[in-house]
Amino acid sequence: MNTRTHEHLSPRSRTTCRERHGASGGHDAEDHELLPLGPSLLFCPGDRPDRFAKAADRADAVILDLEDAVAPEHKAAARDAVAAHGLDPARTIIRVNAPGESDFSADLLALAPLRPRWVMLPKASSLAEVDRLVGALPGVKVLVLCETARGVLAAPTLAAHPDVVALMWGGEDLIASLGGTSSRHRDGSYREVVRHARSSVLLAARANGRSAIDAIHSDLADEAGWRAEAEDAAASGFTATACIHPAQAAVIRDAYAPTADQTAWARGVLAAAERNGSGVFEHEGHMVDGPILRHARSLASRGLASSLNPHLSDPS
């Protein structure tokens, strides 16, 4: 179980989706997520259709990957498999290849008959790239992956695109684009430039009312690290965390779910607000004002969403 206290929470409601177009001018905790899929998003190689259903069962949503998880000689087979997948389209995201690669056009052509609901655009850096994707797949909602120096700097512009619903970031490609060699220090913590990119993408997403997805943790032996980063992501305002192993999905989901103490605190604050009416009031020795009330409402919504979602299967 996680041990976060209510002082560390700045969560978001994840229960429903209200479509909005263009820049929103801000995002409060009561607003609905444009990407209402739950906190654990599990990558699955596009050339492994035998794993598709299992991945979808273990996480809140599956990301069928046509890019980094697939070797060049298997790209065509992966496109065929992903284009024919039988998963729930509402809980399936497809990551295509980057716009600058030849496989990008082939991906769009293969996916056109499928008409996917959610598509992730890697190494995004311009509105023209998003427009090209949407033009080939009308009606699609786009998750832009800001994982290069250009992409991180373009995050505010990308977040304002009417068909973008979420922003994600990535550390290793970012460091590669900078000419570096590692995104983390020896103790596992992020380097300062990576922390800056993570914060920048989160701020750009939330300022424009978009959902925000935290990056994967690639050290599969570091369960404590998975949990710590997921707890920090939830407390910081991310919508979800991406992962690459089924065991990580369960840990992420638990990290985003409020504890019993947190839920009780939120309910107590909201009940006190009902009794005290509008304005600032004291509750359990602390002053409660507008921002704290919004934290409590968000926390209550997260608790409800967690209780309504089906439990993840045992990853063993």
Side-chain angles (χ1 to χ4, degrees), residues 10-14 17-29 31-41 43 60-61 63 65 67-68 93-96 98-99 116-134 140-174 177 183 190 193-217 229-230 232-243 252 256:
S10 54
R12 299 290 187 263
S13 169
R14 297 174 175 83
C17 175
R18 182 181 68 192
E19 294 295 336
R20 286 174 293 166
H21 298 283
S24 70
H27 186 92
D28 283 332
D31 287 353
H32 301 307
E33 293 296 343
L34 292 183
L35 187 73
L37 299 182
S40 61
L41 309 180
F43 277 101
D60 292 302
I63 305 172
D65 192 10
E67 196 208 13
D68 287 344
I93 301 164
I94 298 172
R95 179 164 75 168
V96 295
R117 185 173 303 187
W118 317 104
V119 170
M120 180 178 287
L121 182 66
K123 299 178 179 64
S125 62
S126 73
L127 294 177
E129 294 167 344
V130 179
D131 287 338
R132 184 180 171 193
L133 174 59
V134 175
V140 72
K141 294 305 177 184
V142 184
L143 296 73
V144 293
L145 186 41
C146 302
E147 53 184 341
T148 65
R150 287 185 62 194
V152 171
L153 293 179
T157 300
L158 293 167
H161 192 288
D163 293 305
V164 166
V165 295
L167 275 68
M168 180 176 163
W169 72 283
E172 298 307 327
D173 279 301
L174 171 63
S177 78
S183 67
Y190 283 125
V193 67
V194 178
R195 291 171 57 84
H196 173 75
R198 181 179 187 246
S199 298
S200 296
V201 172
L202 172 62
L203 288 168
R206 287 326 210 174
N208 286 276
R210 274 38 177 176
S211 299
I213 304 168
D214 203 15
I216 66 166
H217 193 298
E229 286 187 6
D232 180 74
S236 298
F238 281 95
T239 307
T241 294
C243 57
I252 288 166
Y256 274 78

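What you see is a predicted model; the values in this text were computed from it and never measured.
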If you apply the rule side chain to side chain contact (heavy atoms under 4.5 Å, CB included), what do you find for Ser236 with Leu202, and how did you get there?
CA-CA 9 Å; Ser236 298; Leu202 172 62; 4.1 Å; yes

Heavy atoms, side chains only, cut-off 4.5 Å: are Arg95 and Leu145 in contact?
yes

Taking only residues two or more places apart in sequence or in another chain, which ones pass side chain to side chain contact (heavy atoms under 4.5 Å, CB included) with Ser126?
Ala128, Glu129

Under 3.5 Å, is there a donor-acceptor pair between the side chain of Arg117 and the main chain of Val140?
no

Please answer whether the main-chain N or O of Leu174 pairs with a side-chain N or O of Ser177 as donor and acceptor at a distance below 3.5 Å.
yes

Which atom of Thr241 lies closest to which atom of Ala215, heavy atoms considered
CG2-O, 3.8 Å

Check whether any side-chain heavy atom of Leu35 lies under 4.5 Å from a side-chain heavy atom of Ile213, and answer yes or no.
yes

CD1/Ile252 to CZ/Phe238 distance, rounded to the nearest 0.5 angstrom?
12.5 Å

Test item: Thr239 side-chain N/O and Ala212 main-chain N/O as donor-acceptor pair under 3.5 Å:
yes

Under the side chain to side chain contact (heavy atoms under 4.5 Å, CB included) rule, what do Leu133 and Val119 come out as? Steps first, then yes or no, please.
CA-CA 9 Å; Leu133 174 59; Val119 170; 3.9 Å; yes

Going through the checks in order, is the side chain to side chain contact (heavy atoms under 4.5 Å, CB included) test met by Leu167 and Leu143?
CA-CA 6 Å; Leu167 275 68; Leu143 296 73; over 6 Å; no

Closest non-hydrogen contact found for Met168 with Ala242 is CE-CB, 3.6 Å

Closer than 3.5 angstrom, by distance alone: can the side chain of Ser211 be matched with the main-chain N or O of Glu33 as a donor-acceptor pair?
no

With a 4.5 Å cut-off on side-chain heavy atoms, are Met120 and Ile63 touching?
yes

Is there a side-chain contact between Glu67 and Val96 (heavy atoms, below 4.5 Å)?
no

Residue pair His161 / Asn208, side-chain donor-acceptor N/O under 3.5 Å
no

Those residues that, when tested against Glu229, pass salt bridge (charged side-chain N to carboxylate O under 4.0 Å, His left out) (two or more places apart):
Arg184

Only counting residues at least two apart or in another chain, list the ones meeting side chain to side chain donor-acceptor pair (under 3.5 Å) with Asp214.
Trp169, Arg198

Taking the side chain as every heavy atom from C-beta outward, state whether Val165 and Arg210 have any atom pair closer than 4.5 Å.
no

Can you list, pair by pair, the side-chain donor-acceptor contacts under 3.5 Å of residues 146-159, counting residues two or more places apart and other chains?
{"residue": "Glu147", "atom": "OE2", "partner": "Lys123", "partner atom": "N", "Å": "2.9"}
{"residue": "Thr148", "atom": "OG1", "partner": "Gly151", "partner atom": "N", "Å": "3.0"}

Could you tell me whether the side chain of Asp60 and the main chain of Ser40 form a donor-acceptor pair under 3.5 Å?
yes

Quick one: side chain to side chain contact (heavy atoms under 4.5 Å, CB included) partners of Arg195, sequence neighbours excluded?
Tyr190, Glu192

For Arg206 and Gly237, indicate whether the former's side chain and the latter's backbone hold a donor-acceptor pair under 3.5 Å.
yes

Identify, with sequence neighbours excluded, every residue that meets side chain to side chain donor-acceptor pair (under 3.5 Å) alongside Asp68.
none

